[in-house]
Enquirer: 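The following block contains the structure, expressed as structure tokens.
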Amino acid sequence: MSIVARCFSPIQFHLARLNLFLQLPLSFKNLMFFSTEAPPDKERVMDEDLKELFATIGNAPASNVIDNSAFIRKMCKAENLSALSQMLQTLNDKNISLTPGVCNTILVRASQKNDINLSCQVFKKLLSSSKSPSATSCLNFAQAFTKVNDCEELLRFITEVSEINCSSTSLINRIIFAFAKSGQKDKALVVFDHLKRHNYSVDLITYNIVLDILGRIGHVDEMVDVFESMKDAGFDPDIVSYNTLINGLKKVGRFDMCNLYFKEMSENGIQPDLLTYTALIESFGRSGNAEESLKCFREMKLKGVLPSIYIYRSLNDNLNKAGKVEFAAQILEEMNSSSTCLAGPEDFKRKRRQKIT
């Protein structure tokens with residue numbers, strides 16, 4: 001091995017050769033692989049992989065997409081992420097893209113090592129492709145920030161995406177959702193605040209995601225503020241908005257506000273669904289207003305909304321606590337007689353789903 005080669009790690013040495021290779025005429029490229037000294041087995045394997053990669057790159061026209069997942073996996077396994085970053089930069093200089101699958105392989109490794117710089121680099125590579133990054137890619141990207149307390153790099157990335165990507169709103173929505181899903185709700189909220197402060201584009205889905213985050217962590221006052229600011233910004237709340245708000249208020253015992261927003265929802269012409277009625281019936285029951293919970297239950301059935309076993313059990317429990325034993329017995333009997341035509345888990349999920357395009 002030459003003196004120059006000893007100054008670098010094996011992968012860094014091969015990357016240097018890659019840079020040199022890309023600058024040489026085609027007639028000279030094959031000469032690079034001959035050496036006066038046989039490399040160790042590991043380096044020989046690396047040489048063979050590099051030959052394959054060089055051949056692919058050398059024959060690829062500009063703006064082409066290459067798939068060399070086996071080689072990428074080996075570099076990821078070697079844990080030399082700085083060298084991998086250099087290789088990506090070389091490919092970027094050649095305007096050569098990588099397949100989404102290869103990018104995801106790198107994103108997974110970068111997230112495992114909390115390498116946010118590499119994650120941003122690969123994610124930008126994905127953005128340059130024809131397809132928008134998937135939910136899985138966004139989640140892998142978000143997970144790289146798990147142990148990072150400073151949001152400066154993340155916000156810099158969000159700013160860049162918001163300014164150069166024409167479909168940035170849907171992408172940002174997926175990123176915010178991914179941070180929340182990966183347990184980084186604080187960073188998701190920081191991103192939302194950054195978007196609002198700098199007047200970057202947001203939509204109804206953005207607001208609904210943020211409402212759900214705030215409701216899950218019990219920040220209901222802030223959730224109400226966001227809900228009202230959404231209306232001030234010209235967005236009309238939909239069934240997802242109201243259900244999220246009412247459920248969040250119910251969880252912290254703000255039963256009066258649950259009823260208030262239920263009335264507002266009806267006044268705006270939005271028909272309540274199974275999720276709405278479930279939250280309201282439980283809210284009335286937990287506040288000791290058994291009569292209202294029964295009234296809500298009857299209204300639900302009149303409107304053709306199929307009750308769930310959860311609603312029956314909640315009604316039965318709250319009626320018993322209120323001393324209305326006879327009504328509780330009737331509810332229990334009705335539940336048992338209609339067990340084959342009750343709403344199931346899929347009925348709850350149906351209205352909760354909101355496509356983050």
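Start at 1 with the first residue, then count along the sequence.
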Enquirer: Apply side chain to side chain donor-acceptor pair (under 3.5 Å) to the pair Asn243 and Asp273, showing each step before the final yes or no.
Expert: CA-CA 9 Å; Asn243 281 346; Asp273 63 5; 3.1 Å; yes
Enquirer: So do Arg216 and Ile213 actually touch side chain to side chain, heavy atoms under 4.5 Å?
Expert: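 No - every pair of side-chain heavy atoms lies 4.5 Å or more apart.
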Enquirer: Salt bridge check, Arg197 against Asp193: does any charged N sit closer than 4.0 Å to a carboxylate O?
Expert: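 Looking at Arg197 together with Asp193, the answer is yes, because their closest N to O distance falls below 4.0 Å.
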Enquirer: Judged by atom type as modelled, is there a donor-acceptor pair below 3.5 Å linking the side chain of Ser229 to the main-chain atoms of Val226?
Expert: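 Looks like yes, one N/O pair under 3.5 Å.
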Enquirer: Are the side chains of Cys120 and Phe145 in contact, using a 4.5 Å heavy-atom criterion?
Expert: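 A side-chain contact exists here, since the closest heavy-atom pair is under 4.5 Å.
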Enquirer: Take Thr159 and His194 through the side chain to side chain donor-acceptor pair (under 3.5 Å) test and state the conclusion after the steps.
Expert: CA-CA 9 Å; Thr159 297; His194 178 75; 2.8 Å; yes
Enquirer: Taking the side chain as C-beta and beyond, is there a heavy-atom pair between Ser241 and Asp238 under 4.5 Å?
Expert: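 The answer is yes; the side chains approach within 4.5 Å.
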Enquirer: Restricting to non-hydrogen atoms, name the atom on Ser137 and the atom on Leu107 that form the minimum distance, rounded to 0.1 Å.
Expert: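 The pair with the smallest heavy-atom distance is O-CD1, 3.8 Å.
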Enquirer: Answer yes or no: is there a side-chain heavy-atom contact under 4.5 Å between Ile172 and Leu195?
Expert: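 Yes - at least one pair of side-chain heavy atoms lies under 4.5 Å apart.
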Enquirer: Mind checking whether Val325 and Asn320 have side chains closer than 4.5 Å, heavy atoms only?
Expert: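 A side-chain contact exists here, since the closest heavy-atom pair is under 4.5 Å.
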Enquirer: How would you list, by chain and number, every residue that makes a side-chain hydrogen bond (donor to acceptor under 3.5 Å, both in side chains) with Glu264, sequence neighbours excluded?
Expert: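 Counting only residues at least two positions away or on another chain, Glu264 forms a side-chain hydrogen bond (donor to acceptor under 3.5 Å, both in side chains) with Lys231, Tyr242.
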Enquirer: What residue pairs, at least two apart or across chains, pass salt bridge (Lys or Arg N to Asp or Glu O under 4.0 Å) with a residue in residues 300-310?
Expert: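 Qualifying pairs, neighbours excluded: Glu299-Lys303, Lys301-Glu334.
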Enquirer: Nearest heavy-atom pair of Ser168 and Val161: which atoms, and what distance?
Expert: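 Looking at all heavy atoms of both residues, the closest pair is CB-O, 3.6 Å.
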Enquirer: Test: ring-ring contact (aromatic ring centres under 6.0 Å, His included). Region: residues 243-287. Which pairs qualify, not counting sequence neighbours?
Expert: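 For residues 243-287, and leaving out neighbouring residues, the ring-ring contact (aromatic ring centres under 6.0 Å, His included) pairs sorted by first residue read Phe227-Tyr261.
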Enquirer: Please list every donor-acceptor pair under 3.5 Å in which a side-chain atom of residues 150-157 meets a protein atom from a residue at least two apart or in another chain.
Expert:
{"from": "Asp150", "atom 1": "OD1", "to": "Glu152", "atom 2": "N", "distance (Å)": "3.0"}
{"from": "Glu152", "atom 1": "OE2", "to": "Arg156", "atom 2": "NH2", "distance (Å)": "2.9"}
{"from": "Glu153", "atom 1": "OE1", "to": "Arg156", "atom 2": "NH1", "distance (Å)": "2.4"}

Enquirer: I need the minimum non-hydrogen distance between Ile176 and Ala188, along with the two atoms involved.
Expert: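 Reported closest heavy-atom pair: O-CB, 3.6 Å.
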Enquirer: What is the distance from atom OG of Ser308 to atom CE of Met335, rounded to the nearest 0.5 Å?
Expert: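 Answer rounded to 0.5 Å: 10.5 Å.
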Enquirer: Can you list every pair that meets salt bridge (Lys or Arg N to Asp or Glu O under 4.0 Å) and has a residue in residues 176-189, with sequence neighbours left out?
Expert: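 Qualifying pairs: none.
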Enquirer: Crowded around Tyr200 OH? As in, over 12 foreign heavy atoms under 6.0 Å?
Expert: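 Yes, the 6.0 Å shell around OH holds more than 12 heavy atoms from other groups.
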Enquirer: With under 30° as parallel and over 60° as perpendicular, where do the rings of Phe235 and Tyr207 fit, or are they tilted in between?
Expert: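 Tilted: the ring planes of Phe235 and Tyr207 meet at 30° to 60°.
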Enquirer: Applying ring-ring contact (aromatic ring centres under 6.0 Å, His included) as the test, list every pair that has at least one member in residues 286-306; sequence neighbours left out.
Expert: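 Pairs touching residues 286-306 that pass the test: Phe297-Tyr312.
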Enquirer: For atom CG of Asn149, is the number of surrounding heavy atoms from other residues, nucleotides or ligands below 6.0 Å larger than 12?
Expert: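 No, CG of Asn149 has 12 or fewer neighbouring heavy atoms, counting only those of other groups under 6.0 Å.
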Enquirer: Distance check, rounded to the nearest 0.5 Å: Cys103 atom SG versus Asn140 atom CG?
Expert: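 The SG atom of Cys103 sits 11.5 Å away from the CG atom of Asn140.
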Enquirer: Taking side chain as C-beta onward, heavy atoms only, is Ile331 less than 4.5 Å from Leu294?
Expert: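 Heavy-atom side-chain distance check passes, below 4.5 Å.
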Enquirer: Which heavy atom of Ile281 sits nearest to which heavy atom of Ser293, and what is that distance?
Expert: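 Ile281 and Ser293 have their closest heavy atoms at O-CB, 3.7 Å.
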Enquirer: Is Arg254 salt-bridged to Asp221, cutoff N-O under 4.0 Å?
Expert: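 Salt bridge flag = yes for Asp221 with Arg254.
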Enquirer: Cut-off 3.5 Å, side chains only: do Thr206 and Asn173 have a donor facing an acceptor?
Expert: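 Indeed, the side chains of Thr206 and Asn173 share at least one donor-acceptor pair under 3.5 Å.
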